[in-house]
Amino acid sequence: MTAVVFVHGTGVREPGFTALLERVTAGLAAQRDGLRVLPYYWGAAHGATLAAGGASLPPRSGTTRGLGPGPTEPDPSDETTSAWALLYDDPYAELALAAAGSGLVAERPPGSVPPQQSIRALLTALAGQGDVPAAELGPGLPRACTDLAAHPLLGPAADALDPADLAVVAARSLTARLIADALDADSPLVAVGETRDAVTDRIAEALGAPPRGTERGLRSYLLRRAGAVASRAVERRRRALTEAAHPAAGDILRYLSRGAAFRDGLRALVAGLGPPVAVVGHSLGGIIALDTLISAPLPQVGLLVTAGSQGPFLYESGSLPSLEHPAPLPPHVPAWLNLYDPRDLLGYLGAELFPGRVTDVPVDSGQPFPAAHSAYWKNPAVYRHIVDHLP
């Protein structure tokens with residue numbers, strides 16, 4: 001009887017582990033009868049814990065701690081910060097909100113300049129000043145102005161807003177674009193919010209807005225409206241990042257610093273099994289499995305399966321404990337099936353790093369990241385590929 005040892009990924013604890021194991025067992029059984037599925041639940045024995053009850057964790061974003069114990073208080077700036085986060089992801093998001101509110105275009109007096117024509121002329125003039133008006137944020141203002149002037153949402157937004165409000169929305173779009181470009185370039189220097197806001201005011205005035213302090217309340221309406229949308233999106237992202245930070249990130253750090261105990265536990269489990277054995281690891285579980293099989297032979301193992309695993313990346317970056325690039329896989333490492341979802345940002349490829357030793361197979365869950373990283377075990381294709389490769 002073929003034994004399949006399942007090695008879970010980061011952050012998995014009970015009762016989630018039991019549900020996960022049941023799902024994996026059922027998924028494999030649906031493809032082939034007679035498989036024996038054994039868990040390696042390293043999370044209980046070796047997983048990270050916060051020994052001091054989380055004393056190292058700052059308050060959750062959007063709250064502030066008082067001087068003494070008690071509930072946290074809401075941070076009134078969080079909605080604005082969330083709105084900027086949305087704009088960094090899509091500098092035209094606020095423009096889209098404005099355009100969505102546009103109705104029938106009001107009749108203009110004969111000879112008047114259409115609002116979109118006016119804002120485009122101002123954007124062209126601003127582009128002619130080069131990077132100087134937004135130098136604190138980095139290069140790229142002329143191109144950002146040109147792209148915004150040509151954007152199809154600019155016209156409907158211009159019809160929906162008065163010129164002063166449109167100038168502010170356009171300025172925020174340009175500012176967000178420059179910061180987004182800096183983030184995409186992995187710049188180590190990103191302006192603080194005070195500088196960002198000062199540059200936005202400067203650009204807004206160049207585009208026809210009155211100086212700050214004389215504006216009407218409507219100038220900030222769209223940012224507040226965007227904030228309501230963005231705060232929900234950022235809250236979802238915050239939850240994902242918080243859950244990734246602990247215990248998941250702690251599990252990774254603990255493994256990389258004290259991984260021998262993880263590997264010894266898996267080795268002891270597999271050593272007591274007769275062939276054929278397949279070891280299936282998800283995420284960090286795949287790294288544990290790979291490291292264990294590299295470190296010393298386990299001849300009863302005929303197949304290694306990794307899903308959404310960072311093993312290839314750790315190897316290429318010189319961070320895999322058991323093997324440093326460019327050393328090849330030892331001959332005793334069994335056939336390696338590496339499953340990855342193209343949308344899973346934590347799934348990496350191994351075939352080019354280990355020619356002839358790794359089979360990379362894409363499995364598309366139809367989910368975005370981070371959901372894609374947790375969707376492998378409800379994807380029937382995953383089980384079909386595993387069973388097709390079992391010894």
Side-chain angles (χ1 to χ4, degrees), residues 79-129 131 133-134 137 140-184 196-197 199-212 214-234 236-237 368:
E79 189 173 272
T80 297
T81 303
S82 297
W84 277 110
L86 182 69
L87 288 173
Y88 297 157
D89 281 342
D90 179 7
Y92 304 115
E94 196 176 8
L95 203 69
L97 283 174
S102 63
L104 295 175
V105 179
E107 185 176 349
R108 294 185 297 272
S112 63
V113 178
Q116 58 182 288
Q117 182 177 331
S118 178
I119 189 66
R120 286 188 174 116
L122 291 167
L123 286 166
T124 300
L126 181 61
Q129 298 181 43
D131 291 321
L137 304 184
L141 181 60
R143 180 175 179 179
C145 288
T146 301
D147 290 347
L148 179 57
H151 201 281
L153 287 173
L154 185 62
D159 291 334
L161 301 173
D162 71 34
D165 298 326
L166 178 62
V168 176
V169 170
R172 283 198 285 259
S173 175
L174 294 172
T175 298
R177 167 71 181 274
L178 295 180
I179 294 178
D181 287 348
L183 294 172
D184 287 343
R196 173 202 63 207
D197 294 345
V199 171
T200 302
D201 289 343
R202 188 186 309 151
I203 293 175
E205 291 181 32
L207 296 178
R212 178 177 283 275
T214 63
E215 74 272 16
R216 297 178 300 146
L218 184 59
R219 280 188 64 176
S220 61
Y221 168 72
L222 280 176
L223 187 58
R224 292 199 305 271
R225 185 178 173 192
V229 176
S231 60
R232 293 192 293 271
V234 171
R236 289 192 295 271
R237 178 181 298 175

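- Summarising the geometry of A134 relative to I203, their closest heavy-atom pair is CB-CD1, 4.2 Å, with the distance given to 0.1 Å.
- Proximity of P211 to E205: side-chain heavy atoms (C-beta onward) are separated by under 4.5 Å at one or more points.
- Closest of all the heavy-atom pairs between P133 and R202 is O-NH1, 2.7 Å.
- Residue I119 forms a side-chain contact (heavy atoms from CB on, under 4.5 Å) with just one option from L161, T124, L166, and that option is L166.
- Across every non-hydrogen atom of A157 and L95, the tightest pair is CB-CD1, 3.8 Å.
- When all heavy atoms are compared, the tightest approach of L148 to L154 is O-CD2, 3.5 Å.
- In this structure, V199 and L178 have side chains that are not in contact, with every pair of non-hydrogen atoms separated by 4.5 Å or more.
- Under 4.0 Å is where a charged nitrogen must lie from a carboxylate oxygen, and between R143 and D181 no such pair does.
- With rounding to the nearest 0.5 Å, the separation of CD1 in I179 from OG1 in T200 is 7.0 Å.
- Counting only heavy atoms from C-beta outward, the side chains of D131 and P142 approach each other to under 4.5 Å.
- Nearest heavy-atom pair across A180 and Y88 is CB-O, 3.3 Å.
- Proximity of D165 to V169: side-chain heavy atoms (C-beta onward) are nowhere separated by under 4.5 Å.
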